[in-house]
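To start, the structure under review is shown below, and the notes come after it.
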Amino acid sequence: MLGVPYTLLHKGHVSIDLIYSRFSPKVQAYIDVVTYGTLFFLFSIILLWMGTKFAWVSIEMLEKSQSPWRPPLYPIKTIIPVTFFLLIIQGTSKIAKDIIFLVKGVRI
């Protein structure tokens with residue numbers, strides 16, 4: 001999961017850009033600002049919030065696996081909110097770069 005923000009940085013996520021790729025870079029940046037500003041951040045903030053609650057319950061009860069080995073699960077579940085926190089930071093960076101491109105016309 002920790003690779004998700006890194007993959008966003010390098011544009012490695014799967015996308016269907018049949019129409020998007022035909023637009024100019026400025027229109028693409030505008031579309032990214034609108035979609036990231038609404039869908040991406042809404043989705044990421046909800047998952048950060050829910051993931052934090054999920055991890056916190058696991059930490060409070062020091063949750064362990066049901067297997068005979070009984071490894072602790074709370075460190076693994078804590079990765080969920082950490083991932084979405086890092087994803088929000090990376091998304092903020094991307095949207096800032098797109099806004100700078102729209103205003104100044106220069107890619108950073």
Side-chain angles (χ1 to χ4, degrees):
M1 282 192 75
L2 292 174
V4 172
Y6 178 81
T7 305
L8 179 61
L9 173 64
H10 294 287
K11 299 177 184 171
H13 289 288
V14 175
S15 65
I16 302 172
D17 59 351
L18 297 172
I19 298 171
Y20 178 84
S21 63
R22 297 174 191 227
F23 292 131
S24 70
K26 284 221 179 210
V27 173
Q28 288 178 357
Y30 180 75
I31 291 170
D32 286 345
V33 167
V34 170
T35 56
Y36 272 75
T38 55
L39 303 174
F40 174 81
F41 285 112
L42 177 65
F43 176 74
S44 296
I45 289 169
I46 289 171
L47 285 174
L48 173 64
W49 177 53
M50 297 303 289
T52 302
K53 286 173 49 176
F54 182 66
W56 187 253
V57 168
S58 183
I59 290 168
E60 281 183 329
M61 59 193 259
L62 298 174
E63 186 177 12
K64 293 185 184 268
S65 172
Q66 298 299 319
S67 71
W69 179 43
R70 297 194 44 81
L73 294 177
Y74 56 90
I76 296 167
K77 290 185 177 184
T78 304
I79 291 173
I80 296 169
V82 170
T83 295
F84 283 100
F85 177 73
L86 294 173
L87 190 62
I88 289 168
I89 291 172
Q90 184 57 49
T92 303
S93 171
K94 181 179 179 356
I95 202 168
K97 289 176 185 177
D98 286 336
I99 290 171
I100 290 169
F101 177 67
L102 287 172
V103 172
K104 293 187 176 182
V106 178
R107 284 260 184 223
I108 296 178

**Report entry** Nearest atoms (heavy-atom pairs only) where Leu8 meets Gly91
**Finding:** CD2-N, 4.0 Å

Could you check whether atom [atom1] of [X] has more than 12 heavy atoms from other residues, nucleotides or ligands sitting under 6.0 Å from it?
{"X": "Ile19", "atom1": "CD1", "value": "no"}
{"X": "Arg22", "atom1": "CZ", "value": "no"}
{"X": "Gln66", "atom1": "CD", "value": "no"}

Query raised in the report: How long is the span from the CD1 atom in Ile79 to the CG atom in Leu86, to the nearest 0.5 Å?
Result: 11.0 Å

Query raised in the report: How many angstroms lie between CG in Leu73 and CE in Met61, if you round to the nearest 0.5 Å?
Result: 8.5 Å

Requested in this report: Run through the side-chain heavy atoms of Ile, Leu, Val, Met, Phe, Trp and Tyr, join any pair under 4.5 Å, and report what else lands in Ile100's cluster.
Outcome: Ile108

Donor-acceptor pairs are to be reported for all side-chain atoms of residues 92-99 against protein atoms at under 3.5 Å, with residues two or more places apart or in another chain.
| residue | atom | partner | partner atom | Å |
| --- | --- | --- | --- | --- |
| Thr92 | OG1 | Ile88 | O | 2.7 |
| Lys94 | NZ | Asp32 | OD2 | 3.1 |
| Lys94 | NZ | Asp98 | OD2 | 2.9 |
| Asp98 | OD1 | Arg107 | NH1 | 3.4 |

Query - Test side chain to side chain contact (heavy atoms under 4.5 Å, CB included) applied to Ser21 - qualifying residues, sequence neighbours left out - result: Asp17

Grouping I, L, V, M, F, W and Y whenever their side-chain heavy atoms are under 4.5 Å apart, do [X] and [Y] come out in a common cluster?
{"X": "Tyr20", "Y": "Leu39", "value": "no"}
{"X": "Phe41", "Y": "Met50", "value": "no"}
{"X": "Val33", "Y": "Phe43", "value": "yes"}
{"X": "Leu87", "Y": "Met1", "value": "yes"}
{"X": "Val106", "Y": "Val103", "value": "no"}

Can you name the residues that form a ring-ring contact (aromatic ring centres under 6.0 Å, His included) with [X], not counting sequence neighbours?
{"X": "Phe23", "answer": "none"}
{"X": "Tyr36", "answer": "Phe40"}
{"X": "His10", "answer": "Tyr6"}

Query raised in the report: Which residue pairs satisfy the ring-ring contact (aromatic ring centres under 6.0 Å, His included) criterion with at least one member in residues 45-103, sequence neighbours excluded?
Result: none

**Report entry** Residues that Ser67 engages under side chain to side chain donor-acceptor pair (under 3.5 Å), provided they are two or more places apart
**Finding:** Ser65

Query raised in the report: So which pairs with a foot in residues 47-59 pass salt bridge (Lys or Arg N to Asp or Glu O under 4.0 Å), sequence neighbours left out?
Result: none

Query - Pairs where residues 76-89 contributes a residue and the test side-chain hydrogen bond (donor to acceptor under 3.5 Å, both in side chains) is met, not counting sequence neighbours - result: Glu63-Lys77

